[in-house]
There are 2 protein chains.
Amino acid sequence: MSAAEQPEGGVRRQSRQRSAVLTLLDELDGFRSAQDLHALLRDRGDSVGLATVYRALQALVDDGQLDVLRSPDGEAAYRRCSPSHHHHLVCRTCGRTVEVADPPVERWAARIAAEHGFVDVQHDVEVFGTCAACAAAHG
Amino acid sequence: MSAAEQPEGGVRRQSRQRSAVLTLLDELDGFRSAQDLHALLRDRGDSVGLATVYRALQALVDDGQLDVLRSPDGEAAYRRCSPSHHHHLVCRTCGRTVEVADPPVERWAARIAAEHGFVDVQHDVEVFGTCAACAAAHG
DNA sequence: GGTGCGCATGAGAATCATTCTCGCATGGTC
DNA sequence: GACCATGCGAGAATGATTCTCATGCGCACC
């Protein structure tokens, strides 16, 4: 833990557990917590250790194959998504997620940062709401 | 935990510890974690329990006097700020923060949500970067 | 097809932030 | 000045995530 940050790791080995995690995420369309995913895997018979789920998720995040979201109570939620830059519109009732890619926000963030002399800018945008289906069911 | 969510609390009592937390936050201009704040209070001689710091912070957040930010490693960070709606531009090196209030993003979020049939919309935007001072010091 | 190396796995312990418990102190009110 | 609810503090409890370490197994090579 002093210097080398393994530039491109070694081989990323294929394993039953990792494909199980990825497969499960492919079938779900909302953000799920690591604990949730672990429970779901157990349910469907794919016995996987909790630590392994965390490791698999981190590896996938590193690869850019997953997006992470931190719920207000501190739990991390993961979701399979396209590798290009985008943001999320999340239903706070059913968890359904829509990927949103919109140049205006990107430009806005860049402009705001530039105005204040900030460089090397990243941004983080999430929009929460109630989707049409849930709003209808609720009313 | 069944029904009553004390609508407007009772009396919010004044105490040495609460003012100490608020005073400290007034003097700092970046986001600080609860643990940090607790340590700082101890350092300056204001002996305050950790639980009390958390309670005070939550009360202040409820009052809208503080903003909360969740760092990627799951720690919550707090900062004194204006009560009106705004977002933050945060220096990832020194933690310096600039409040940004800009109508375009608000409109963007509302539009995106509307396009997908979402209602009752909230959004969460943070912009991270390196401020001019830190960029200069670093290069 | 067989062998070996090294990363991956898994169970449980460890860690860390946060919340809860409970008895005591004290602010604010009458 | 007394009373009662709310705040305090120390430490235990909780819950998510990470670490440890012995064993398992994917994959490259023969």
Under the side chain to side chain contact (heavy atoms under 4.5 Å, CB included) test, which residues partner [X], sequence neighbours left out?
{"X": "R55(A)", "value": "A51(A), T52(A)"}
{"X": "L50(A)", "value": "Q35(A), H38(A), Y54(A)"}
{"X": "D102(A)", "value": "V100(A), P104(A), V105(A), W108(B), R111(B), I112(B)"}

Please report, rounded to the nearest Å, how far the [atom2] atom of [N] is from the [atom1] atom of [X].
{"X": "E75(A)", "N": "dA16(D)", "atom1": "CD", "atom2": "P", "value": "5 Å"}
{"X": "L41(B)", "N": "dC8(D)", "atom1": "CG", "atom2": "C1'", "value": "14 Å"}
{"X": "D46(A)", "N": "dG10(C)", "atom1": "CG", "atom2": "P", "value": "10 Å"}
{"X": "D73(B)", "N": "dT15(C)", "atom1": "CG", "atom2": "C1'", "value": "13 Å"}
{"X": "R12(B)", "N": "dG7(D)", "atom1": "CZ", "atom2": "P", "value": "7 Å"}
{"X": "R70(A)", "N": "dT18(C)", "atom1": "CZ", "atom2": "P", "value": "11 Å"}

Bending between helix ends of the helix from dG1(C)-dC30(D) to dC30(C)-dG1(D) [5 pairs per end, 10° resolution]: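 Nearest ten degrees gives 40° for this helix.
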Do any pairs count as a salt bridge (charged side-chain N to carboxylate O under 4.0 Å, His left out) and have a residue in [range], sequence neighbours left out, and if so which ones?
{"range": "residues 121-131 of chain B", "value": "none"}
{"range": "residues 81-92 of chain A", "value": "R92(A)-D120(B)"}
{"range": "residues 59-80 of chain A", "value": "R12(A)-D63(A), D26(A)-R80(A), R79(A)-E99(A)"}

Transitive ILVMFWY side-chain link V98(B) to V127(B), under 4.5 Å: yes
Members of [range] that approach DNA chain D, where some heavy atom sits under 4.0 Å away:
{"range": "residues 49-63 of chain A", "value": "L50(A), A51(A), Y54(A), R55(A), Q58(A)"}
{"range": "residues 29-39 of chain B", "value": "none"}
{"range": "residues 13-22 of chain A", "value": "R13(A), Q14(A)"}

Where L66(A) and C81(A) come nearest, the two heavy atoms and their spacing: C-SG, 4.2 Å
Contact summary for A34(A) and V53(A), nearest pair of heavy atoms: O-CG1, 3.9 Å
Beyond-backbone contact of L28(A) with L40(A), side-chain heavy atoms, under 4.5 angstrom: yes
Partner set under ring-ring contact (aromatic ring centres under 6.0 Å, His included) for H86(B), not counting sequence neighbours: H88(B)
Aromatic plane relationship, H85(A) with H123(A) - under 30° parallel, 30 to 60° tilted, over 60° perpendicular: perpendicular
Can you give the donor-acceptor pairs under 3.5 Å from side chains of residues 41-48 of chain A to other protein atoms, not counting sequence neighbours?
from	atom 1	to	atom 2	distance (Å)
R42(A)	NE	V48(A)	O	3.2
R42(A)	NH2	V48(A)	O	3.1
R44(A)	NH2	E27(A)	OE1	2.7

